[in-house]
Enquirer: 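Next up is a structure, given as C-alpha cells.
Ligands are counted one by one from 1 in listed order, and the atoms in each one are counted from 1 as well.
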Amino acid sequence: MAKYKVEVDVEQCTGCGACNASCPESFEMKDVDGMPKASVKTPDIDDMGCCMDAAQVCPVNCIHIIELESGKKLI
Ligand code: SF4
C-alpha cells in the first residue's frame, strides 16, 4: 500500500500551472472542457518528492496530500 495520496480539487483549480512548474514530475496540465486543469500523474505514492512543494505554491490551496495509513490530511 502506498504511503500518500495526492489529490487536486479540480473544481477549485484555476489552471495557473504553478504546481506543474514547481513539480513537473508529478503534476501535468490537462484540458478539461477547454480549461487547463492540473492532474496528478501518480496519485498513490511512497515518496513525497516535490508534491508538498507544489501543494504549498498552489495559490488556491486545492492540492491535498493524505497520509493513507492514518487518513490524516497533511495539506
Ligand atoms: S497550482 Fe493549484 S490552481 Fe494552479 S494549476 Fe496547480 S492545482 Fe491548479
Enquirer: Determine whether more than 12 heavy atoms belonging to other residues, nucleotides or ligands lie under 6.0 Å from atom NZ of Lys41.
Expert: yes
Enquirer: Taking 4.0 Å as the limit for heavy-atom contacts, which would you say applies to Cys62 with ligand 1: side chain only, backbone only, both, or neither?
Expert: side chain
Enquirer: So if I count the atoms of ligand 1 from 1 in the order they appear, which ones are less than 4.0 Å from some heavy atom of Met29?
Expert: 5 (S)
Enquirer: Checking a contact table here: which protein heavy atom is nearest atom 4 (Fe) of ligand 1, and how many Å away?
Expert: Cys16 SG, 2.3 Å
Enquirer: Provide the number and element of each atom of ligand 1 under 4.0 Å from a heavy atom of Val60.
Expert: 3 (S)
Enquirer: Kindly indicate whether the side chain of Met48, heavy atoms from C-beta on, has any atom under 4.5 Å from the side chain of Ile65.
Expert: yes
Enquirer: Does the distance from Cys51 SG to Cys23 SG come in under 2.5 Å?
Expert: no
Enquirer: Is Met52 linked to Phe27 within one hydrophobic cluster, defined over Ile, Leu, Val, Met, Phe, Trp and Tyr using a side-chain heavy-atom separation of less than 4.5 Å?
Expert: yes
Enquirer: If we only count heavy atoms from C-beta on, is the Ile75 to Ile63 side-chain gap below 4.5 Å?
Expert: no
Enquirer: For atom 3 (S) of ligand 1, tell me which residue out of Val57, Asn61, Val40, Thr14 has the closest non-hydrogen atom.
Expert: Thr14
Enquirer: Can you check whether Val60 reaches Cys58 side chain to side chain, under 4.5 Å on heavy atoms?
Expert: yes
Enquirer: Quick check on atom 2 (Fe) of ligand 1: does Cys58 put an N/O/S atom closer than 2.8 Å to it?
Expert: yes
Enquirer: Check ligand 1 against Cys19 and write out every atom of the ligand that is under 4.0 Å from a heavy-atom position of the residue.
Expert: 1 (S), 5 (S), 6 (Fe), 7 (S)
Enquirer: Just to confirm my output: which protein heavy-atom neighbour is closest to atom 8 (Fe) of ligand 1, and how far is it?
Expert: Cys13 SG, 2.3 Å
Enquirer: Any idea which part of Gln12 is under 4.0 Å from ligand 1, heavy-atom wise: side chain, backbone, both or neither?
Expert: neither
Enquirer: Near Gly17, which atoms of ligand 1 are under 4.0 Å from a heavy atom of that residue?
Expert: 4 (Fe), 5 (S)
Enquirer: Taking NZ, NE, NH1 and NH2 as the nitrogens, is one of them in Lys5 or Glu7 under 4.0 Å from a carboxylate oxygen of the other?
Expert: no
Enquirer: Taking only heavy atoms of Ile63 into account, list the atoms of ligand 1 that are under 4.0 Å away from them.
Expert: 7 (S)
Enquirer: Under 4.5 Å between side-chain heavy atoms, counting indirect links through other Ile/Leu/Val/Met/Phe/Trp/Tyr residues: same cluster for Tyr4 and Val57 or not?
Expert: no
